[in-house]
Structures are given as structure tokens and as C-alpha cells.
Amino acid sequence: MNEDLEKQLTSASRDHSGNRETLSKRIDALHAEIEAAKRRLLPGIRSAVAKCLDSKAKLGGLIETNPEAFEKPRTVTLSGIKLGLQKQKGKITWKDPKALVKKIRSLFPQRADDLIEVTEKPRRAAINKLDVGDAKKLGLTIEADTDAVVIKSTNDDVDKLVAKLLDEEKTDAEKAA
């Protein structure tokens, strides 16, 4: 590496490191404010959750003890709360899948293709271990097998927190839409 390039890289790295340090300090300040807000507001939130659980249980008890009130209509909306009775889907279960497949094949042979799932697919983990020659024999394509620029801090906690914050912001924006 020539001396001029090394100076440029050192300068750019120093700038990047300083920017990351500023980002880290701002994230630390945000984290401290979030923690302070949690300490301040969490007791009230816990109290409100307990009251909601109690009022929901009371409402559920009233519905369970008075099912005749929900024959038609089965549900009503009162004070912005939908309440009443709703038919549940139910769930089919079986203990031995092999025995069930055998029964299906004997009792409903004409419907076996519809009722029995057969899955065959390549095992990615094993295929990833193949050498290039074997992969080419199978007609596989190896993508993105090139050099790429690497710029990574030795302190990836900041990167994780930034990614989390951006993900939360994206989720909040999607909920608002």
C-alpha cells in the first residue's frame, strides 16, 4: 500500500470513527432517556394492565354466565368493545402420523394424493458444503462469490442498536399506515 493511500485511508477511518463515536453517544443518551421514562411510567402501566385483566375477567364471567343473551346476535359492540360468543374452529389432532397415513391409504386410496403430503427438497446445509466441481456437476450457480468492501466497527453493539431502532421505526410507520 502506498504512503498517500495509507494517509487517505487513515484520515477517512478517523472521520468514520469520530462519526460512530458521536452516534454511540447519542444512542447512549437516548437509551438513558428511555430507561428513565420506563422507570417513571412502568408502575402506572403495570397498574393499568392489572385493571384491564380484572375488568376483562369480570366481563368474561358475565358473558359465560349469561350465554342466552348472545343467541342472536352472537356478539355486540358496547363502548367500543366487541363482546359475546363466537364459534371456535376446533382442531384436528393425531398421535401417530405413520398409522394415519396407512389408514388413509387403506380407507381412501383414491384420495391419498390429496390427504398425504410427501416432501422432497434439497438440503441446503449439505449442498453448501459441496466443492465447486460437484456443485457445477449439479448445475448449481454460485452467486456473489466476489470481494466486497468491508467497513465494520469492532464495536458492533452500536450497529445492532441502530438496526433495532430503524426496524422499530419501520414497524411503527407500517402500523400508522
Side-chain angles (χ1 to χ4, degrees), residues 16-105 107-108 110-125 128 143-144 148 150-177:
H16 183 61
S17 179
N19 291 334
R20 288 187 55 79
E21 183 65 27
T22 300
L23 175 62
S24 180
K25 287 178 182 177
R26 290 180 181 173
I27 287 174
D28 287 345
L30 173 65
H31 198 53
E33 285 189 38
I34 289 170
E35 290 303 313
K38 281 182 184 178
R39 283 190 300 275
R40 190 176 69 252
L41 299 173
L42 214 48
I45 291 171
R46 284 188 185 116
S47 172
V49 166
K51 288 179 180 179
C52 283
L53 290 172
D54 288 343
S55 62
K56 184 177 181 181
K58 181 179 178 183
L59 186 57
L62 285 169
I63 294 167
E64 285 178 2
T65 57
N66 297 287
E68 67 282 354
F70 300 99
E71 289 177 7
K72 283 197 178 183
R74 305 261 305 146
T75 61
V76 294
T77 302
L78 303 172
S79 302
I81 305 294
K82 183 178 177 180
L83 55 106
L85 298 173
Q86 184 176 27
K87 189 74 173 167
Q88 299 299 298
K89 286 185 176 184
K91 184 178 177 182
I92 297 174
T93 61
W94 54 85
K95 292 181 181 170
D96 184 357
K98 289 181 182 178
L100 180 58
V101 167
K102 189 175 179 181
K103 275 189 172 183
I104 290 170
R105 290 198 189 282
L107 296 173
F108 306 109
Q110 68 284 4
R111 296 180 57 199
D113 288 344
D114 292 335
L115 298 173
I116 299 170
E117 180 179 339
V118 178
T119 306
E120 276 190 89
K121 63 180 184 177
R123 291 186 179 157
R124 182 169 298 280
N128 283 340
E143 297 177 0
V150 174
I151 302 173
K152 184 175 181 180
S153 172
T154 54
N155 178 6
D156 65 345
D157 290 343
V158 172
D159 295 331
K160 289 178 185 175
L161 187 53
V162 168
K164 182 179 177 186
L165 289 170
L166 293 176
D167 189 46
E168 287 174 359
E169 184 177 300
K170 178 182 168 188
T171 303
D172 291 344
E174 288 172 354
K175 286 180 183 177

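Start at 1 with the first residue, then count along the sequence. Just so it is clear, the structure is predicted and the values come from calculations on it, not from any experiment.
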pair L100-D96: side-chain heavy atoms closer than 4.5 Å: no
Verdict with reasoning, L59 to I81, per side chain to side chain contact (heavy atoms under 4.5 Å, CB included): CA-CA 10 Å; L59 186 57; I81 305 294; 4.3 Å; yes
Inter- and intrachain pairs under salt bridge (Lys or Arg N to Asp or Glu O under 4.0 Å), touching residues 55-71, at least two apart: none
Atom pair CD (Q88) and CD (Q86), whose distance is rounded to the nearest 0.5 Å: 6.0 Å
Spacing of CG belonging to L30 relative to CD1 belonging to I34, to within rounding of 0.5 Å: 4.0 Å
Where K82 and T75 come nearest, the two heavy atoms and their spacing: CE-OG1, 3.6 Å
R26: partners by side-chain contact (heavy atoms from CB on, under 4.5 Å), with sequence neighbours left out: T22
Salt bridge (Lys or Arg N to Asp or Glu O under 4.0 Å) contacts touching residues 36-49 (sequence neighbours left out): E35-K38
K91: side-chain contact (heavy atoms from CB on, under 4.5 Å) partners, not counting sequence neighbours: T93
Euclidean distance, K25 NZ relative to D28 CG, rounded to 0.5 Å: 9.5 Å
Spacing of I104 atom CD1 and L107 atom CG [to the nearest 0.5 Å]: 9.0 Å
Which atom of V76 lies closest to which atom of P73, heavy atoms considered: CG1-CG, 4.0 Å
Reference residue E117; test side chain to side chain contact (heavy atoms under 4.5 Å, CB included); the match among D114, T119, L115: T119
side-chain contact (heavy atoms from CB on, under 4.5 Å) involving L53 - partner list, sequence neighbours excluded: V49
Greater than 12 external heavy atoms within 6.0 Å of Q110's CD: yes
Residues in side-chain contact (heavy atoms from CB on, under 4.5 Å) contact with L85, at least two apart in sequence or another chain: I63, P67, F70, R74
Check: S47 and K51 side chains under 4.5 Å, non-hydrogen atoms: yes
Rounded distance [0.5 Å steps], CG in D167 versus NZ in K160: 15.0 Å
